[in-house]
> 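I have a structure I would like to understand better, so I am pasting it below and will then ask my questions one at a time.
Worth saying up front: this structure is predicted, and the values here are computed from it rather than measured. Keep in mind that the numbers below use all heavy atoms, side chains included, and drop hydrogens, waters and symmetry copies.
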Amino acid sequence: MAISTDAKIANKARARGGAEPGEAIRAWWSRAWPSILVFIGAFVVWELAVRLFGISNFVLAKPSEFLAEIVESRESLLEAAWVTTQEILYGFLLSVAAGVTIAVAVVRFSWLERAVYPLIVLFQVVPKVALAPIFILWFGYGLAPKLTLIVVMAFFPITLNQIVGLKAVDQDLLLLMRSVGSSRNQILTRIQIPASLPYLFAGMRIAITLAVIGAVVAEFAGAEKGLGYLIQFASTQLDTPLMFAALTLVSVLGLVLYYGMSLVEIVLRGRFPHIRSETE
């Protein structure tokens with residue numbers, strides 16, 4: 001009886017979910033516009049400070065200069081941004097798959113946690129910049145070393161948050177499921193995984209920013225395309241406006257992907273009532 005009551009509550013939450021995304025998007029925008037104003041104000045102060053103190057654009061480019069560079073070199077910048085975006089998304093999806101798989105396996109088999117968890121932490125504490133040349137030596141200059149570095153950097157917060165979410169289930173609910181004869185796999189798929197979705201999305205928001213960093217670091221180590229390659233090329237040519245233009249696109253890309261994860265939460269919340277977006 002208790003289980004059927006929970007199912008009815010979940011169905012009601014799903015029924016209400018159709019009206020919630022619009023409200024959540026408006027709430028998200030109400031949280032975002034103050035940050036947009038702060039960014040605009042920061043660029044204005046930056047421009048005025050460079051002009052007032054007579055700083056050379058060789059040392060620090062004015063926002064008007066690198067914004068003009070973005071317009072002038074938009075084709076090459078957009079091409080580089082597309083290359084980097086593909087690397088980030090592919091690496092991020094692999095990170096999610098690896099992180100969730102490891103977390104579920106660790107929680108399902110307790111002995112595996114004792115065996116694997118130290119290795120997971122070890123991967124996190126190893127300097128990632130030092131790994132990039134090694135991956136290039138192993139896999140060449142193609143896509144493989146970049147994806148490998150992104151996965152190594154981004155899977156940890158997904159794994160850790162998913163493990164915490166899977167273990168944070170109400171113990172009384174677990175006892176109830178066991179009392180009606182549910183197997184460990186049924187408890188995992190019907191109770192623990194749905195309840196862990198908020199933790200998973202929290203880890204994914206962290207991971208997507210680490211994926212951006214991983215892609216740029218990998219391109220620094222060895223690439224012929226991408227925003228990281230363009231930043232390194234501009235620095236060797238002492239082209240400060242182009243370097244800041246590429247850095248701006250990397251920053252914007254990271255923001256778009258981060259807040260995109262919040263929008264994904266909003267969309268999925270109607271189907272999975274356990275998900276609660278940070279915009280609420």
> Is the shortest side-chain heavy-atom distance between Tyr259 and Leu263 below 4.5 Å?
no

> Does Leu160 share a hydrophobic cluster with Val125, counting links as ILVMFWY side-chain heavy atoms below 4.5 Å and allowing steps through other members?
yes

> Measuring from atom CG of Leu238 to atom OG1 of Thr240, what distance do you get when rounded to the nearest 0.5 angstrom?
7.0 Å

> How about OH on Tyr90, more than 12 heavy atoms from neighbouring residues, nucleotides or ligands closer than 6.0 Å, or not?
no

> Would you find more than 12 non-hydrogen atoms of other residues, nucleotides or ligands less than 6.0 Å from Lys225 atom NZ?
no

> Taking the six-membered ring for Trp, are Trp46 and Phe66 closer than 6.0 Å centroid to centroid?
yes

> Taking atom CD1 of Ile208 and atom CG of Leu255, what is their separation to the nearest 0.5 Å?
12.0 Å

> For the residue pair Leu147 and Leu143, establish whether any side-chain heavy-atom pair is separated by less than 4.5 Å.
yes

> Checking Arg74 side chain against Val71 main chain: does a donor-acceptor pair fall under 3.5 Å?
yes

> Identify, with sequence neighbours excluded, every residue that meets ring-ring contact (aromatic ring centres under 6.0 Å, His included) alongside Tyr199.
none

> Other hydrophobic cluster members with Val252, side-chain heavy atoms of Ile/Leu/Val/Met/Phe/Trp/Tyr under 4.5 Å, chained?
Val256

> To the closest 0.5 Å, what do you measure between CZ (Phe155) and CD1 (Ile158)?
9.5 Å

> What are the two closest heavy atoms between Met153 and Gly214, and how far apart are they?
SD-CA, 3.3 Å

> Take Leu253 and Ile88 through the test side chain to side chain contact (heavy atoms under 4.5 Å, CB included) and record every step on the way to the result.
CA-CA 10 Å; Leu253 180 60; Ile88 293 169; 3.6 Å; yes

> Determine which pairs satisfy salt bridge (Lys or Arg N to Asp or Glu O under 4.0 Å) with at least one residue from residues 144-154, sequence neighbours left out, and list them in order.
none

> Determine whether Lys128 and Val217 satisfy the following criterion, side chain to side chain contact (heavy atoms under 4.5 Å, CB included), listing intermediate values before the conclusion.
CA-CA 8 Å; Lys128 307 306 184 296; Val217 170; 5.7 Å; no

> Could you tell me which non-hydrogen atom of Ala103 sits nearest to which non-hydrogen atom of Leu166, and how far apart they are?
O-CD1, 3.9 Å

> For residues Val264 and Phe201, determine if any side-chain heavy atom of one lies less than 4.5 Å from a side-chain heavy atom of the other.
yes

> Is the ring pair Trp111/Phe109 parallel, tilted or perpendicular, if the boundaries are 30 and 60 degrees?
tilted

> Taking salt bridge (Lys or Arg N to Asp or Glu O under 4.0 Å) as the test, write out the residues that go with Lys62, two or more places apart.
Glu65

> For Leu200 and Asn161, what are the C-alpha separation, side-chain angles and deciding distance, and is it a side chain to side chain contact (heavy atoms under 4.5 Å, CB included)?
CA-CA 6 Å; Leu200 174 61; Asn161 279 269; over 6 Å; no

> Is the shortest heavy-atom distance from the side chain of Ile231 to the side chain of Val250 under 4.5 Å?
yes

> Considering non-hydrogen atoms only, spot the tightest contact between Val151 and Gly91 and give its length.
CG2-O, 3.8 Å

> Mind checking whether Val45 and Leu60 sit in one hydrophobic cluster, side chains of I, L, V, M, F, W, Y counted as touching below 4.5 Å?
no

> Side chains of residues 76-84: which donor-acceptor partners sit under 3.5 Å, not counting sequence neighbours?
| from | atom 1 | to | atom 2 | distance (Å) |
| --- | --- | --- | --- | --- |
| Ser76 | OG | Ser73 | O | 3.0 |
| Thr84 | OG1 | Ala80 | O | 3.1 |
| Thr84 | OG1 | Glu219 | OE1 | 3.4 |
| Thr84 | OG1 | Glu219 | OE2 | 3.0 |
| Thr84 | OG1 | Leu227 | N | 2.8 |

> So do the side chains of Ile150 and Phe92 get within less than 4.5 Å of each other, counting heavy atoms only?
no

> Identify whether Leu137 and Tyr141 are in the same connected component of the hydrophobic contact network (ILVMFWY, side-chain heavy atoms under 4.5 Å).
no

> Could you give the distance from OG (Ser235) to CG (Leu230), rounded to the nearest 0.5 Å?
10.0 Å

> Is there a path of hydrophobic side-chain contacts, each under 4.5 Å between heavy atoms of I, L, V, M, F, W or Y residues, that connects Phe244 with Tyr229?
no

> Apply side-chain hydrogen bond (donor to acceptor under 3.5 Å, both in side chains) to Ser64 and list each qualifying residue two or more places apart in sequence or on a separate chain.
Glu47

> Do other residues, nucleotides or ligands put more than 12 heavy atoms under 6.0 Å from the CZ atom of Phe220?
yes

> Which heavy atom of Ile193 sits nearest to which heavy atom of Ser196, and what is that distance?
O-OG, 2.8 Å

> State, to 0.1 Å, how close Val212 and Leu257 come at their nearest heavy-atom pair, and which atoms those are.
CG2-CD1, 4.0 Å

> Taking all non-hydrogen atoms of both residues into account, name the closest pair between Gly140 and Pro145 and its distance.
O-CG, 3.1 Å

> Is there a path of hydrophobic side-chain contacts, each under 4.5 Å between heavy atoms, that joins Ile120 and Ile206?
yes

> Rounded to the nearest 0.5 Å, how far does OG1 of Thr209 lie from CE of Met204?
12.5 Å

